[in-house]
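Let me begin by presenting the structure, written as structure tokens, before commenting on it.
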Amino acid sequence: MRHPGLLASTWVLFRKDLLVEWRSRSRINALVFFSLATLLLFSFALGPDTALLRRNAGGYLWLALLLSSVLALGESFRVERENAALEGLRLVPVDARAIFLSKGLANAVLLVGLGLAIAAPGTLYGAIASHARARDVLLPLLLFPILIPALVAAAKGTALVFEGDPMDQLNSWVALLASFDILYWGLGVVLFPRVVEE
């Protein structure tokens with residue numbers, strides 16, 4: 001019997017994850033509501049100073065997106081955990097890297113409006129945190145320090161888009177963000193099989 005390849009397995013699992021999300025829509029609804037509520041709270045906290053709001057809009061936007069994405073990423077392994085589906089997937093002749101890639105891609109599709117750089121490390125650390133008792137606390141503790149370079153690059157890049165880029169710095173911030181993406185997608189593919197073994 002021939003086992004499916006990495007790409008075929010990834011595609012099947014990716015479709016499964018999107019179908020589960022489409023049927024429930026709970027993460028999408030929570031994500032949108034939490035993002036808007038966080039942005040609204042930032043604007044109330046800063047008061048009517050529109051110059052300050054405009055100057056820091058990129059940072060506030062990405063902080064709201066980061067906080068919202070942690071909510072969504074924490075839930076990405078909930079279905080597998082509650083129904084013991086991850087153990088079932090490990091029993092099938094599927095490469096564990098396909099599980100990571102499908103989850104990461106499904107999270108990226110969900111988070112595309114929230115920033116691709118959060119999807120790979122979020123998927124990896126979401127899987128690690130799903131094994132812990134204090135998983136809701138552990139994910140932000142693992143994820144936030146790791147995401148600082150991506151968050152800074154995204155906030156600076158967004159500010160340059162909003163305010164103009166007279167010194168042509170945007171390409172440097174985009175390159176940092178792309179490097180972060182490449183690094184964490186690669187690390188996820190390499191490390192995820194070890195994470196699901198435990």
Begin with the C-alpha distance, continue with both residues' side-chain angles, and end with the deciding distance and a verdict on side-chain contact (heavy atoms from CB on, under 4.5 Å) for Asp95 and Phe192. CA-CA 10 Å; Asp95 190 335; Phe192 192 78; over 6 Å; no
In this structure, CD1 of Ile146 is separated from CG of Leu183 (nearest 0.5 Å) by 9.5 Å
For Ala98 and Ser9, the nearest pair of non-hydrogen atoms, with its separation, is CB-CB, 3.6 Å
### Message
Tell me whether Leu6 shares a hydrophobic cluster with Phe14, the cluster being built from Ile, Leu, Val, Met, Phe, Trp, Tyr side chains joined at under 4.5 Å.
### Response
yes
In terms of heavy-atom contacts, Ala127 and Val195 come closest through CB-CG1, 3.8 Å
Scanning both residues in full, the closest heavy-atom pair of Leu176 with Ala153 reads CD2-CB, 3.8 Å
Smallest heavy-atom separation, Phe100 atom then Tyr184 atom, equals CZ-O, 4.4 Å
With a 6.0 Å cut-off (strictly less than), is the heavy-atom count around CG of Leu7, excluding the residue itself, greater than 12?
no
Please tell me if the side chains of Asn171 and Asp165 come closer than 4.5 Å, counting only heavy atoms from C-beta onward.
no
Going only through I, L, V, M, F, W and Y residues with side-chain contacts under 4.5 Å, is there a path from Ile99 to Leu187? yes
Separation between CH2 (Trp173) and CG (Leu160), nearest 0.5 Å, reads 8.5 Å
Output for pair (Leu86 CG, Lys103 NZ), nearest 0.5 Å, gives 8.5 Å
So CG of Leu124 and CG of Leu142: to nearest 0.5 Å the spacing works out to 9.0 Å
- Query: Side chains of Leu63 and Leu151: closer than 4.5 Å at any heavy-atom pair?
  - Reply: yes
Subject >> Flag side-chain contact, heavy atom, 4.5 Å: Val94 against Leu89 >> reply: no
Value for CG (Leu138) from OG (Ser130), rounded to nearest 0.5 Å, stands at 9.5 Å
For Thr10 and Leu105 the tightest heavy-atom approach is CG2-CD1, 4.2 Å
**Asked** Does some side-chain heavy atom of Leu147 sit less than 4.5 Å from a side-chain heavy atom of Phe180?
**Response** yes
When rounded to the nearest 0.5 Å, the distance separating CG of Leu101 from CH2 of Trp11 is 13.5 Å
- [ ] Give the cluster check for Val196 versus Val92: same hydrophobic cluster or not, with ILVMFWY residues linked at side-chain heavy-atom distances below 4.5 Å.
- [x] yes
In short, Val189 meets Arg97 closest at the heavy-atom pair O-CG, 3.1 Å
